[in-house]
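First the structure, in the form of structure tokens, and then the observations on it.
A note on names: the letters A, B, ... follow the listed sequences, proteins ahead of strands, and every chain is numbered from 1. The basis for the numbers below is simple: all heavy atoms, side chains too, and nothing from hydrogens, waters or symmetry mates.
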Amino acid sequence: MNPVSEEFFHQSTIDLAKALLGCILVNETNEGITSGYIVETESYMGPYDRAAHSYNNRRTKRTEIMFGKAGLAYTYTMHTHCLINVVSAGIDEPHAVLIRALEPYTGVDLMTKRRPVDKIKNLTNGPGKLTKAMGITMEDYGRPLFEPPLYITPGIIPEEIMEGKRIGIDNTGEARDYPWRFWIKDNLFVSR
DNA sequence: ACTGCGATTTGC
DNA sequence: CAAATCGCAGTT
């Protein structure tokens, strides 16, 4: 399957977060190819979203890539984990979509080798888990997600999309209640 | 639900 | 330097 076009990323951050559901995230590394269906995402709208790193257009070395064009990867380290976001919106609009969970597709052997688990369900059902299973690191910061080695391809069309409050952002005032988390209904690999 | 772990970034 | 952080795993 070929990557999506760069134009795919040219839609509003909310629309992009929904459009990514059912798409396949692929990573080609020296160890082999892994991929998985995206089943859960969250939108972060920097300028007016207290929960975003780029809130109030805060521009630092870390957030710099979000001010760039849509379709780039924004990776960052959180505790001991690496998390991956898709940069959204236009130049100088620091929006992003966090990829929170995947359903493993190809390269499951390699993923379980990188991240041993007792049940497959626990392999990629969280943002820090899926990056480790797929071998995504800070090396991928700023990579375009519409060409190899790390890219998105069309997958399936979700039957029904659910939406709700985001996770892990409790101390951020009103922003915590914004319904900017999206997931595929009844999918086993959604994080919670 | 509640802990401990833990490292990078950021602001004081 | 100290505080904060878009998690995870293991235990009540």
Using a strict 4.0 Å threshold on nitrogen-to-oxygen distance, state whether [X] and [Y] make a salt bridge.
| X | Y | answer |
| --- | --- | --- |
| A:Arg166 | A:Asp49 | yes |
| A:Arg143 | A:Asp140 | yes |
| A:Glu64 | A:Arg59 | yes |
| A:Glu159 | A:Lys185 | no |

Just distance, no hydrogens or angles: give the donor-acceptor pairs under 3.5 Å from side chains in residues 116-125 of chain A, sequence neighbours left out.
residue: A:Thr124; atom: OG1; partner: A:Leu102; partner atom: O; Å: 2.7
residue: A:Asn125; atom: OD1; partner: A:Lys129; partner atom: NZ; Å: 2.9

Worksheet entry | Under 3.5 Å side-chain donor-acceptor pair for A:Thr13 and A:His95 |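 Yes, side-chain donor-acceptor contact under 3.5 Å.
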
Tell me every residue that passes side chain to side chain contact (heavy atoms under 4.5 Å, CB included) with [X], counting only those two or more places apart in sequence or in another chain.
| X | answer |
| --- | --- |
| A:Leu188 | none |
| A:Thr80 | none |
| A:Pro179 | A:Glu163 |
| A:Asn57 | A:Pro47, A:Phe67, A:Pro94 |

Fill in: Cluster companions of A:Leu72 among Ile, Leu, Val, Met, Phe, Trp, Tyr (side-chain spacing under 4.5 Å)
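Listed partners: A:Tyr44, A:Ile65, A:Met66, A:Tyr74, A:Tyr76, A:Met78, A:Leu83, A:Val87, A:Leu98, A:Met138, A:Tyr141, A:Ile169.
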
Discussion item. Heavy atoms within less than 4.0 Å of DNA chain B: which residues of residues 57-88 of chain A have one? Give them sorted by number.
Written reply: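 Correct list: A:Arg58, A:Thr60, A:Arg62, A:His79, A:Thr80.
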
Discussion item. Within residues 112-119 of chain A, which residues have any heavy atom lying less than 4.0 Å from an atom of DNA chain B?
Written reply: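 Those residues: none at all.
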
Discussion item. Distance check, rounded to the nearest 0.5 Å: A:Ile136 atom CD1 versus A:Ile84 atom CD1?
Written reply: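 If I round to the nearest 0.5 Å, the distance is 4.0 Å.
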
Worksheet item: On DNA chain C, which is the earliest and which the latest nucleotide, 5' to 3', with an atom closer than 4.0 Å to a heavy atom of chain A?
Response: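 That gives a stretch of C:dT5 to C:dA9.
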
Worksheet item: Reckon A:Ile169 touches a base, only the sugar-phosphate, or nothing at all at heavy-atom distances under 4.0 Å?
Response: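 Sugar-phosphate, backbone atoms only, no base.
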
Item to complete: Extract, from 5' to 3' on DNA chain B, the first and final nucleotides lying under 4.0 angstrom from some heavy atom of chain A.
Response: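 Taking any atom under 4.0 Å from a heavy atom of chain A, the span is B:dG6 to B:dG11.
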
Discussion item. Give the dot-bracket line for DNA chain C from 5' end to 3' end: parentheses for intra-strand Watson-Crick or G-U pairs under 3.5 Å, square brackets for crossings, | for inter-strand pairing, dots for unpaired.
Written reply: |||||.|||||.

Worksheet item: Between A:Trp180 and A:Tyr48, what is the ring plane arrangement, given parallel below 30°, perpendicular above 60°, and tilted in between?
Response: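 Perpendicular.
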
Worksheet item: A:Leu130, A:Ile167: one ILVMFWY side-chain cluster at the under-4.5 Å cut-off?
Response: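 They do not share one cluster, since no chain of ILVMFWY contacts under 4.5 Å joins A:Leu130 to A:Ile167.
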
Exercise answer: donor-acceptor pairs, residues 104-113 of chain A side-chain atoms, under 3.5 Å, sequence neighbours excluded:
residue: A:Thr106; atom: OG1; partner: A:Ser35; partner atom: OG; Å: 2.5
residue: A:Thr112; atom: OG1; partner: A:Val108; partner atom: O; Å: 3.1
residue: A:Thr112; atom: OG1; partner: A:Asp109; partner atom: O; Å: 2.9

